[in-house]
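Worksheet: one structure, shown below.
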Protein chains: 2
Amino acid sequence: MSPARRRVIPEATIARLPVYHRCLLQMQSEGRSKTSSEQLAEMAGVNAAKVRKDLSYFGSYGTRGVGYGVDHLLVEIRRELGLTHDWPCLIVGAGNLGSALAKFAGFSDRGFSVVAVVDIDPGRVGEQVGDLVIEHEERLAELVEEHGVVIGIITTPPAAAQDAADTLARAGVRSILNFAPTVLDLPVDVLVRDVDVAVELQILAFHEERRAAAAAAVEAAAAAAAAEQRRAANPATAS
Amino acid sequence: MSPARRRVIPEATIARLPVYHRCLLQMQSEGRSKTSSEQLAEMAGVNAAKVRKDLSYFGSYGTRGVGYGVDHLLVEIRRELGLTHDWPCLIVGAGNLGSALAKFAGFSDRGFSVVAVVDIDPGRVGEQVGDLVIEHEERLAELVEEHGVVIGIITTPPAAAQDAADTLARAGVRSILNFAPTVLDLPVDVLVRDVDVAVELQILAFHEERRAAAAAAVEAAAAAAAAEQRRAANPATAS
DNA sequence: CAGCGCTTGTTCACAAGTTCACAAAGTCGC
DNA sequence: GCGACTTTGTGAACTTGTGAACAAGCGCTG
Ligand SMILES: NC(=O)c1ccc[n+]([C@@H]2O[C@H](COP(=O)([O-])OP(=O)(O)OC[C@H]3O[C@@H](n4cnc5c(N)ncnc54)[C@H](O)[C@@H]3O)[C@@H](O)[C@H]2O)c1
Ligand SMILES: NC(=O)c1ccc[n+]([C@@H]2O[C@H](COP(=O)([O-])OP(=O)(O)OC[C@H]3O[C@@H](n4cnc5c(N)ncnc54)[C@H](O)[C@@H]3O)[C@@H](O)[C@H]2O)c1
């Protein structure tokens with residue numbers, strides 16, 4: 001049917017594209033015009049074969065024997081990621097985290113702009129946060145419509161997160177970034193990504209714990225070995 | 001050697017344990033004393049078989065025909081995750097995000113406490129943030145030693161992140177949570193986890209972009225089908 | 001105390017993702 | 001223009017993770 005049959009792109013590849021994108025941007029700012037899978041891999045902290053395979057899902061953008069053109073590759077990745085146009089985002093919950101995100105300028109470079117922040121607390125409504133004024137949560141659907149919001153960002157307490165998600169979904173938002181530590185229950189056509197800092201800390205803690213356990217085991221083994229040595233040296237104490 | 005030979009735990013399982021932990025806490029607060037893999041799976045948003053397999057890596061904590069004891073399972077998971085003792089954390093970079101994290105109370109429930117915040121900006125040093133006072137970045141090693149810091153949290157601008165990471169590593173910190181959009185280069189025994197909000201947004205954008213493309217393709221196909229139908233109805237225009 | 005129903009723990013087949021290895025395809029020097 | 005060299009793009013082996021299926025084990029009931 002379609003002449004350019006696009007293969008299905010592995011989720012893992014998609015997650016790496018933004019990293020490549022960032023690396024290429026840095027190369028560009030350093031004035032490099034060409035690069036290789038090797039260099040890009042080094043910079044992105046992955047395997048060179050993986051870089052090539054990842055890029056090959058989208059087409060042949062490199063030149064054999066030479067490498068990849070930084071500008072060209074950037075354009076292709078930007079197009080794949082949809083960074084050629086702007087993505088209006090709306091933040092639900094103007095607390096600590098919501099405010100920090102709203103004030104943060106670093107997303108606009110990549111085409112993401114926070115167009116509105118809502119909160120349910122009447123005391124906060126009207127407050128200035130960055131360039132925006134906090135709106136009441138009731139106006140959410142209106143604001144989504146008005147600004148053509150595509151991505152909703154949830155930074156409410158966990159107990160309110162499901163409500164926030166439902167409201168967003170009802171307003172037509174089909175991509176949600178959720179910072180609340182809750183599993184959201186939503187229609188299958190709404191895509192949710194969770195960012196849970198506590199989970200990340202717990203993963204680190206798990207590995208630290210294991211490290212400590214392993215160290216203890218080594219110590220115990222050493223102690224056992226020492227005991228064994230003593231036993232061997234003094235057979236009289238053996239059972 | 002060791003009587004209870006521990007199998008190697010899949011990384012994917014480790015990442016789910018904190019979610020189970022959270023669900024069990026909620027069950028406990030609701031007064032439930034027993035549960036099943038089915039219920040837990042439902043709550044955690046995963047497959048029941050996966051829950052059972054994940055839990056079985058650590059031992060047989062359930063009772064066949066009955067299910068799992070909420071309290072018992074919680075204790076076991078807490079032990080596995082090392083949540084039985086406190087994890088002192090230090091934040092590097094007291095900006096928007098660093099301050100939000102420092103003020104956030106939600107980690108202490110799970111045994112993580114922010115014991116210090118450092119910044120390189122002399123203007124910020126001495127400022128109060130939550131219960132803490134911002135210290136100068138030069139005191140980092142001292143503070144790590146003093147509080148027995150195990151986990152370092154980097155919330156500096158990307159350009160300063162590698163420096164921050166090096167300083168942490170030199171101070172003996174071997175677990176780092178990095179919020180800066182940079183690939184950190186560190187000794188292999190230092191464990192790094194990256195939290196990159198921009199990457200999450202870009203992944204969402206990718207799928208939205210695909211959705212739009214798919215919709216366009218369907219439309220195009222419909223148009224083509226319509227054209228085909230017209231052609232068939234009026235063979236005179238065929239080549 | 002034996003049979004029955006329920007839920008775990010485990011096995012197995014398969015799906016997803018990674019890494020290797022190498023042919024294909026280009027450049028560059030001569 | 002040709003041959004040596006470089007780097008891509010990809011098929012295939014391999015590793016890791018998932019989901020379905022089921023035997024084993026437990027409690028309840030009659
Ligand atoms: N602050 C952090 O550093 C941090 C870190 C990790 C995770 N989180 C998570 O992010 C979320 C927010 O954290 P925070 O520290 O900003 O909390 P916060 O209490 O400072 O802010 C929450 C805000 O949400 C508002 N809100 C409550 N219900 C709402 C609703 N239904 N609709 C709209 N707004 C509503 C509240 O009025 C409040 O302003 C929490 O779920 C927390 O677990 C925060
Ligand atoms: N703010 C957000 O919502 C947000 C969201 C996603 C990612 N991030 C990332 O988190 C990081 C911090 O963001 P932010 O908005 O808090 O920035 P910010 O500019 O508000 O804060 C950065 C702080 O780091 C300090 N700093 C700089 N160099 C340092 C060093 N070598 N040692 C110690 N401190 C140093 C600065 O003085 C400043 O106070 C950035 O890398 C950003 O990309 C932020």
Side-chain angles (χ1 to χ4, degrees), chain A residues 4-20 23-24 27 32-74 76-77 80 188 203 206-207, chain B residues 4-20 23-24 27 32-74 76-77 80 199 203 206-207:
Chain A
R5 166 69 53 84
R6 287 276 166 103
R7 270 177 278 180
V8 39
I9 316 292
E11 200 55 34
T13 293
I14 298 164
R16 280 188 296 267
L17 283 184
V19 180
Y20 300 151
C23 294
L24 288 164
M27 286 183 185
R32 296 195 57 78
S33 70
K34 291 211 165 299
T35 187
S36 67
S37 59
E38 198 77 46
Q39 283 174 23
L40 193 49
E42 155 88 30
M43 213 163 171
V46 301
N47 180 302
K50 207 174 339 194
V51 171
R52 291 201 296 275
K53 180 149 273 193
D54 285 344
L55 296 179
S56 76
Y57 285 114
F58 304 102
S60 294
Y61 299 137
T63 318
R64 294 175 189 221
V66 178
Y68 300 92
V70 171
D71 292 347
H72 182 205
L73 204 48
L74 258 176
E76 296 300 339
I77 291 184
E80 280 305 330
V188 283
I203 293 173
F206 173 89
H207 289 291
Chain B
R5 165 70 52 86
R6 288 276 167 102
R7 274 176 275 180
V8 38
I9 317 291
E11 201 53 35
T13 294
I14 298 163
R16 280 188 296 267
L17 283 184
V19 181
Y20 300 151
C23 295
L24 288 165
M27 286 182 184
R32 295 195 58 77
S33 70
K34 291 210 164 300
T35 187
S36 67
S37 59
E38 199 77 46
Q39 283 174 23
L40 194 49
E42 156 87 28
M43 212 163 172
V46 300
N47 181 302
K50 210 177 332 196
V51 170
R52 292 200 295 276
K53 182 170 277 199
D54 285 344
L55 296 179
S56 76
Y57 284 114
F58 304 102
S60 293
Y61 298 137
T63 319
R64 293 169 189 226
V66 179
Y68 299 93
V70 172
D71 292 347
H72 182 203
L73 204 48
L74 256 176
E76 295 301 339
I77 291 185
E80 279 304 328
V199 166
I203 293 172
F206 173 90
H207 289 291

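These values consider heavy atoms only, across backbone and side chains, with no hydrogens, waters or symmetry-generated copies. Just so it is clear: chains get the letters A, B, ... in the order the sequence lines come, proteins before strands, and each one is counted from 1.
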Base versus backbone protein contacts along nucleotides 20-30 of chain D [heavy-atom cut-off under 4.0 Å; B, S, -]: BB--BBBS---

Side-chain touch B:Leu17/A:Ile203, heavy atoms, less than 4.5 angstrom: no

How long is the line joining [atom1] of [X] and [atom2] of [N], in whole Å?
X       : N      : atom1 : atom2 : result
A:Arg16 : C:dA16 : CZ    : C1'   : 12 Å
A:Gln39 : D:dT8  : CD    : C1'   : 14 Å
B:Lys50 : C:dA16 : NZ    : P     : 12 Å
B:Ile9  : D:dG17 : CD1   : P     : 11 Å
B:Leu55 : C:dT7  : CG    : P     : 16 Å
A:Asp54 : C:dT18 : CG    : P     : 7 Å
B:Leu40 : C:dG9  : CG    : P     : 12 Å
A:Leu17 : C:dG17 : CG    : P     : 13 Å

Can you give me every donor-acceptor pair (side chain of residues 62-70 of chain A, partner residue at least two apart or in another chain, under 3.5 Å) with its distance?
none

B:Ile9 and A:Phe206: CA distance, side-chain angles, deciding distance, side-chain contact (heavy atoms from CB on, under 4.5 Å) verdict: CA-CA 11 Å; B:Ile9 317 291; A:Phe206 173 89; 4.2 Å; yes

Sugar-phosphate, base or nothing in reach of B:Thr13, heavy atoms under 4.0 Å: nothing

Candidate list B:Arg52, B:Glu42, B:Lys50, test side-chain hydrogen bond (donor to acceptor under 3.5 Å, both in side chains), partner B:Ser37, passing option: B:Arg52

What is the minimum heavy-atom distance between [X] and [Y], and which atoms define it?
X       : Y       : answer
B:Leu40 : B:Thr35 : N-OG1, 4.1 Å
B:Ala15 : B:Pro18 : O-CD, 3.5 Å
B:Tyr61 : B:Glu76 : OH-OE1, 3.1 Å

Would you indicate, yes or no, if [N] has its OP1 or OP2 atom less than 4.0 angstrom from a side-chain nitrogen or oxygen of [X]?
X       : N     : answer
A:Tyr68 : D:dG9 : yes
B:Ser36 : C:dT7 : no
A:Ser37 : D:dT7 : no

